[in-house]
Protein chains: 2
Amino acid sequence: MTKNAEGKASPVSGQGSRGRYPKGILRRQQILDRTVEVFADLGFEGTSLRAIGEAIGVSHAALRRYFETREELFLEVLREKDRQALAAAHDSGTAPGFAAMSANYVLKTPGLMALRHSMVARALEPGRGRSREFFRDRYRSIRQEARLVLQSAREQGTVRSDIPLDTAASLLVAAMDGLSTQTLLDPEVDMSAGMALLEQLLAPATAEAPRET
Amino acid sequence: MTKNAEGKASPVSGQGSRGRYPKGILRRQQILDRTVEVFADLGFEGTSLRAIGEAIGVSHAALRRYFETREELFLEVLREKDRQALAAAHDSGTAPGFAAMSANYVLKTPGLMALRHSMVARALEPGRGRSREFFRDRYRSIRQEARLVLQSAREQGTVRSDIPLDTAASLLVAAMDGLSTQTLLDPEVDMSAGMALLEQLLAPATAEAPRET
DNA sequence: GTCTATACAGGGATAGAC
DNA sequence: GTCTATCCCTGTATAGAC
């Protein structure tokens with residue numbers, strides 16, 4: 001949305017002048033990458049601007065040239081992970097299907113899951129215009145994606161047709177969120193079992209033989 | 001676990017001596033109450049020990065006599081809300097049932113939901129012994145509660161008998177968590193519709209006529 | 001027992017020099 | 001573009017008044 005932290009300069013939009021500010025672009029990417037690493041080690045509170053700057057070899061004040069705020073920096077990290085995940089999903093299949101979606105949803109780096117969770121928590125607070133907007137839109141697009149998966153599954157006969165798809169999409173996303181939280185807190189919880197159960201519940205009654213309690 | 005922040009002194013355990021330190025007990029409760037209010041206004045970062053102390057009329061250092069750490073104070077707020085919710089649930093029915101459970105799970109105060117979410121996020125990070133243990137145990141007990149609800153529902157014929165109860169309990173709790181997050185971020189999402197759908201999905205195939213997409 | 005005063009190390013944000 | 005210096009804030013810790 002024409003944000004400032006984004007539209008610094010058109011990076012590769014080749015005007016006549018020789019490839020302009022490559023250093024700034026690289027620096028920006030470097031900051032994002034290092035932030036993820038530092039966060040994995042030190043967590044939310046430990047990932048100070050000074051710690052990030054130190055890991056790169058610049059002062060903390062330098063970071064402000066690229067990100068107006070620590071919160072904006074964190075949001076941008078998540079934005080980029082979403083972009084990467086989207087691109088990766090596009091490259092593989094067309095209709096990812098159930099298991100693929102949840103596998104894609106959970107970030108491999110535990111630090112990133114914690115970061116996402118922390119930022120969502122912030123967004124729930126009063127007066128958080130920026131973050132809240134970001135996550136509201138993000139969840140809307142994830143629900144839409146889930147809806148498409150469900151619709152395609154329904155057409156293949158693996159999802160029953162007597163339920164509202166929008167509500168089912170909400171529930172599916174909620175299950176991924178909630179189950180991943182429980183798994184992260186307690187290895188005893190099996191996320192894939194939970195997702196498999198939901199898939200089974202969503203399937204038409206005529207499906208294959210279920211397993212007993 | 002015989003924690004220190006708890007066992008300051010036996011409050012009303014009537015020994016021979018006249019009711020001992022009632023002031024400290026009241027003060028402690030006052031701190032917990034005020035913390036919730038301040039958090040609702042100022043959010044996680046805004047709720048500094050100084051801000052809480054100011055709201056009460058004491059210095060921030062005074063708070064440390066009751067809570068060793070800011071994080072411990074926040075955890076204690078959540079602990080107490082859990083206690084209250086448990087007591088309230090006990091007072092009403094025996095087998096709460098589906099809707100009652102989710103209504104009970106979501107805190108009316110939006111600030112408290114944000115606080116809980118923030119603390120869960122903290123617990124997900126590496127090296128968070130205290131918080132993580134707390135939430136691991138908390139989720140275990142909530143899952144157990146959910147399991148009882150599901151079992152009782154199964155005996156009444158409103159939950160199908162061909163699914164593992166433990167996994168279903170995980171999924172149920174995950175749905176409550178995830179849906180409440182989505183609802184808080186976006187009023188467009190209807191949490192009760194999501195829970196109703198899950199209840200419908202859990203019901204045996206012989207149930208009443210479902211509604212169309 | 002309860003609290004204030006005070007000190008310390010560290011945080012994010014910011015202004016201006018280079 | 002990056003730095004240094006600075007501001008005001010934070011959680012934590014200790015000393016000592018009452």
Side-chain angles (χ1 to χ4, degrees), chain A residues 4-5 8-9 11 19-32 34-35 38-39 41-77 118-119 122 128 130-131, chain B residues 4-12 15 17-32 34-35 38-39 41-77 115 118-119 122 128 130-131:
Chain A
N4 31 17
K8 187 114 304 182
R20 292 289 286 279
Y21 357 81
K23 184 177 182 181
I25 302 298
L26 290 181
R27 185 61 100 192
R28 190 189 144 93
Q29 192 56 47
Q30 185 186 24
I31 295 170
L32 290 173
R34 287 289 194 176
T35 298
V38 174
F39 196 96
D41 282 351
L42 308 178
F44 195 95
E45 312 210 301
T47 306
S48 62
L49 294 180
R50 284 170 174 85
I52 299 169
E54 197 173 339
I56 299 179
V58 296
S59 86
H60 68 280
L63 304 181
R64 280 224 353 144
R65 289 265 129 202
Y66 305 91
F67 305 96
E68 290 213 327
T69 243
R70 190 176 81 131
E71 189 148 341
E72 280 290 337
L73 166 56
F74 284 169
L75 277 185
E76 203 56 38
V77 168
S118 281
M119 294 303 288
R122 288 291 190 288
R128 280 317 173 99
R130 251 321 146 280
S131 302
Chain B
N4 32 16
E6 179 74 71
K8 187 112 304 184
S10 37
V12 204
Q15 305 91 319
S17 42
R18 47 262 178 249
R20 291 292 283 279
Y21 350 85
K23 186 176 183 181
I25 303 298
L26 290 180
R27 186 60 102 191
R28 190 188 144 92
Q29 192 56 46
Q30 184 186 25
I31 294 171
L32 291 173
R34 287 288 194 177
T35 298
V38 174
F39 195 97
D41 282 351
L42 307 179
F44 194 95
E45 313 209 300
T47 307
S48 62
L49 295 180
R50 284 168 177 85
I52 300 169
E54 196 173 340
I56 299 178
V58 295
S59 87
H60 68 281
L63 303 182
R64 284 218 12 163
R65 295 226 67 84
Y66 303 92
F67 306 95
E68 290 213 328
T69 244
R70 190 176 82 129
E71 189 149 340
E72 279 291 337
L73 165 57
F74 285 168
L75 278 185
E76 203 56 38
V77 168
L115 175 57
S118 280
M119 294 303 287
R122 289 289 190 287
R128 281 313 173 103
R130 249 326 145 277
S131 302

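Chain letters run A, B, ... following the sequence lines, proteins first, then strands; residues in each count from 1. Hydrogens, waters and symmetry mates play no part in the numbers below; they use all other heavy atoms, side chains included.
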So if I define the base as every atom that isn't primed, P, OP1 or OP2, how would nucleotides 5-18 of chain C read as a B/S/- string at a heavy-atom cutoff under 4.0 Å?
BBB---BBBB----
Expressed in angstrom and rounded to an integer, what is the separation of A:I56 atom CD1 from D:dC3 atom P?
10 Å
What integer distance in Å separates B:I31:CD1 from C:dT2:P?
10 Å
Is the shortest heavy-atom distance from the side chain of A:T35 to the side chain of A:F67 under 4.5 Å?
no
For B:A61, all residues meeting side-chain contact (heavy atoms from CB on, under 4.5 Å), sequence neighbours excluded:
B:S59
Taken to the nearest whole Å, CZ/A:F67 to P/D:dT2 is 12 Å
So, using side chain to side chain donor-acceptor pair (under 3.5 Å) as the criterion, who are the partners of B:R128 when residues are at least two apart?
B:E71
Salt bridge (Lys or Arg N to Asp or Glu O under 4.0 Å) against A:R70, all qualifying residues, sequence neighbours excluded:
none
Take the protein atom CD1 of B:I52 and the nucleotide atom P of D:dT10, then report the distance between them rounded to whole Å.
11 Å
Do any side-chain nitrogens or oxygens of A:Y66 fall under 4.0 Å of OP1 or OP2 in D:dG1?
no
What is the separation between atom CG on B:L73 and atom C1' on D:dT10, rounded to the nearest whole Å?
15 Å
Could you tell me how far apart B:E72 (CD) and D:dT12 (P) are, to the nearest whole angstrom?
10 Å
Test salt bridge (Lys or Arg N to Asp or Glu O under 4.0 Å) applied to B:R27 - qualifying residues, sequence neighbours left out
none
Would you list the atom pairs, donor with acceptor, under 3.5 Å between side chains in residues 43-56 of chain A and any protein atom, with sequence neighbours excluded?
residue : atom : partner : partner atom : Å
A:E45   : OE2  : B:R122  : NH2          : 3.3
A:T47   : OG1  : A:G43   : O            : 2.6
A:S48   : OG   : A:A51   : N            : 3.0

Quick one: B:L75 CG to D:dG11 P, roughly how many Å, whole number?
15 Å
